[in-house]
Amino acid sequence: MGLSFYVRFRHLLPVLVCLVTILVFQSYWKTFSLLDLSSRFIGNNVTLQSNYSFQYEVENHEKEIHNFNQKILLDDSTQKVREFDEKHNIQHQRKGFPSKGTKGLNADWSIYHDNVKKSSNGSGIQSMEIDPQNKEKPQLLKTSLLGSSITMQPTSLTRLYSQLIQSFNSSSRKPKSSSQRDRELLAAKIEIENANVLLKSSGLHAPVYREVSKFSRSYELMERKLKVYIYREGEKPIFHQPKMRGIYASEGWFMKLMEGNKRFIVKDPKKAHLFYLPFSSQMLRANLSDNKKMEQYLDKYVNIIAGKYRFWNRTGGADHFLVACHDWASRITRQPMKNCIRSLCNANVAKGFQIGKDTTLPATYIHSVMNPLRKIAGKHPSERTILAFFAGSMHGYLRPILLKHWENKEPDMKIFGAMARDAEGKRIYMDYMNSSKYCICARGYEVYSPRIVEAIFSECVPVIISDNYVPPFFEVLKWEAFSVFVRERDVPNLRSILLSITEEKYLALHLGVKKVQQHFLWHKVPVKYDLFHMILHSIWNNRLSHIRLK
Ligand SMILES: *[C@@H]1O[C@H](CO)[C@@H](O)[C@H](O)[C@H]1NC(C)=O
Ligand SMILES: *[C@@H]1O[C@H](CO)[C@@H](O)[C@H](O)[C@H]1NC(C)=O
Ligand SMILES: *[C@@H]1O[C@H](CO)[C@@H](O)[C@H](O)[C@H]1NC(C)=O
Ligand SMILES: *[C@@H]1O[C@H](CO)[C@@H](O)[C@H](O)[C@H]1NC(C)=O
Ligand SMILES: *[C@@H]1O[C@H](CO)[C@@H](O)[C@H](O)[C@H]1NC(C)=O
Ligand SMILES: *[C@@H]1O[C@H](CO)[C@@H](O)[C@H](O)[C@H]1NC(C)=O
Ligand SMILES: *[C@@H]1O[C@H](CO)[C@@H](O)[C@H](O)[C@H]1NC(C)=O
């Protein structure tokens, strides 16, 4: 099967490349869906990370948290699971599953479902040919563009990137008055735009960046110039009390390292380019019962800040930022902090994440506060004998579909449900991460997963199956250089897509994974290019991109 696929693929490739090129240039911004077509063939190039014991706790947490949340918030994913279950008679272990519907049923569910039915076989060959679905796409997309809605089509990297460029190109609202700080930012922006030559000393691996010279210059300027003010207001435990462990630990680590930072913090807010709102979405969730109350709480806080200082009103919050990892953070900050730069784990463009303004916070499961920096190592590519690995609980609508197509289907596809949570299970899991070429990071209830960072740590090329998810540091990292993105509808073609990636390309992806590891590591004392700095850089980057003078 592999060979015949390969032959057909090679025959088709030149034709497809031409076709795609023509179509793309014909319809440029309007019809990105055609680019998606090309990425289906190449496998939509994606990436991920890690430590086995991490993973286990993650699974526990997700389940616990979501069971708890279901009663209160019936969101799109829950709706999708229920529909999927009804149509496929799937039973799952979760109890207390809500029975009645919610608003906002995603259009991409039905698209997704149609496609699963149409491409029924695992070979993926039929769906690699130009099928009638693709003819319908431009029309679908047109409507969605007009209505400025992005939920009509599952999103690929290519389209996300186009949205990003559009966002940076769109004019944002001007501040009520200009400030010396804005002028400094504008000067930095001009300097970055003119950065063409990479400083040799940077040591960065160019292929994993969109524009390595710009990133390098931007990073240096951030280190030299950026000043951040942290509001003192806000009571513990919701404010100023970082939680350093668990699945939402990214927000806690950032808060801790930011509040303790010497280089970036200023005591005088007049000297600041950016203003940090230091709350924990996890503590907010733990302290208040429902998301309406959480939203009101934040609203009150914003009123205090806006009444007491003049900075909020000057830009409407556009130079303010928050860093929040809880699933609900996007929802509860959408109104009170709508202009702020939000660094969010749940970076779902179909649920209010604004690409270009908001930025993706990587979810990192922290097991040990004393030692956030795990030993990062994986087997050499030649020792990775398994093509693809996944194990996890059946959270969300997608994973049951993944298992339906791939559990016990092919010897090189190790696709499982939840594994035993004992020491032996953990060892097996770690062995798989270590011995696989590709680690499948399929969305759960929400689009993000700590698996991405875990795969990167274990040097397993991440395969992200999560439509509408914007990967971390998307503004600067070229994810297609160290990961593979597969659309949800292409689960039936997963194996063909992975097999179509040449050994040479795989080795490049693997090398890319090793080169980006430094960006996903927490250090108790931050070091250059580490996770703390990358999060701050993504915020700085988005602020610069939208800076306007009066
Ligand atoms: C995937 O990688 C190939 C080879 O590097 C590249 O030509 C192609 O444009 C990439 N596809 C996407 C969708 O980025
Ligand atoms: C799917 O592929 C298998 C071989 O891999 C074949 O036996 C089967 O008939 C195919 N089913 C469909 C629906 O094409
Ligand atoms: C950005 O905007 C300028 C002028 O508004 C336009 O000429 C240019 O084509 C735009 N670029 C992109 C990538 O949209
Ligand atoms: C957090 O919850 C406790 C009780 O659970 C309550 O007394 C306290 O006021 C809450 N804190 C905030 C800031 O809401
Ligand atoms: C900012 O605007 C709000 C609402 O318009 C107002 O209540 C507040 O007093 C303003 N803040 C300052 C410092 O002027
Ligand atoms: C994973 O974490 C455990 C402790 O929790 C540690 O003993 C082990 O060495 C770690 N493995 C890797 C690959 O980092
Ligand atoms: C993964 O492989 C590397 C290299 O062979 C080895 O050092 C490491 O201990 C392995 N980790 C696990 C968890 O098996």
Side-chain angles (χ1 to χ4, degrees), residues 148 167 170-189 225-241 251 254-255 258-259 261 264-281 283-285 287-288 290-324 328-344 352-354 356-359 536 539-550:
S148 76
S167 156
S170 70
S171 62
S172 60
R173 82 187 210 184
K174 289 176 182 169
K176 288 196 175 138
S177 57
S178 79
S179 77
Q180 174 62 22
R181 303 311 139 214
D182 286 355
R183 284 189 288 277
E184 286 167 9
L185 291 180
L186 198 69
K189 180 177 175 167
K225 305 207 160 165
L226 177 62
K227 296 298 169 213
V228 177
Y229 180 75
I230 305 177
Y231 285 112
R232 297 279 121 222
E233 288 71 13
E235 279 167 24
K236 288 181 179 180
I238 292 173
F239 286 82
H240 309 293
Q241 187 170 300
E251 63 178 29
F254 182 85
M255 188 195 294
M258 192 75 233
E259 293 203 315
N261 195 279
F264 298 108
I265 289 187
V266 284
K267 294 238 158 54
D268 177 0
K270 288 198 288 297
K271 295 195 174 128
H273 306 101
L274 287 167
F275 298 80
Y276 176 37
L277 310 171
F279 68 93
S280 157
S281 61
M283 286 312 292
L284 194 56
R285 173 69 187 87
N287 220 252
L288 299 174
D290 68 79
N291 59 66
K292 202 74 223 155
K293 281 191 191 145
M294 289 155 70
E295 200 176 325
Q296 283 161 0
Y297 185 92
L298 292 178
D299 205 39
K300 238 163 69 186
Y301 172 74
V302 165
N303 285 338
I304 291 170
I305 297 292
K308 197 162 165 185
Y309 302 88
R310 60 192 167 80
F311 308 101
W312 179 279
N313 284 358
R314 189 179 77 87
T315 59
D319 51 2
H320 287 55
F321 70 95
L322 60 96
V323 176
W328 297 4
S330 174
R331 173 180 284 234
I332 61 173
T333 55
R334 208 180 317 177
Q335 273 318 307
M337 298 168 176
K338 62 173 178 292
N339 295 323
C340 298
I341 299 167
R342 303 180 304 164
S343 177
L344 301 170
F353 181 91
Q354 281 178 264
K357 176 180 83 68
D358 300 330
T359 163
L536 193 60
I539 294 161
W540 150 267
N541 180 80
N542 284 9
R543 177 65 187 144
L544 282 185
S545 304
H546 288 110
I547 191 80
R548 293 285 183 283
L549 291 182
K550 196 173 168 74

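For ligands, and for the atoms within them, numbers begin at 1 and follow the listed sequence. All values derive from a computational prediction rather than experimental measurement.
A salt bridge links Asp182 and Arg314; the closest N-O separation between the charged side-chain nitrogens and carboxylate oxygens is under 4.0 Å.
Ser281 and Glu251 share a donor-acceptor pair across their side chains, judged by distance under 3.5 Å alone.
Listed by chain and number, the residues in a ring-ring contact (aromatic ring centres under 6.0 Å, His included) with Tyr276 are Phe254, Phe321 (sequence neighbours excluded). Scanning for ring-ring contact (aromatic ring centres under 6.0 Å, His included) contacts around His320 gives Tyr231, Phe275, Trp312, with sequence neighbours left out. Under the salt bridge (Lys or Arg N to Asp or Glu O under 4.0 Å) criterion, Lys270 pairs with Asp268, sequence neighbours left out.
If you look at ligand 5, the protein residues with a non-hydrogen atom under 4.0 Å away are Ala306, Gly307, Tyr309, Asn313.
Of the possible donor and acceptor atoms, one in the side chain of His273 sits under 3.5 Å from a partner among the backbone N and O of Lys227.
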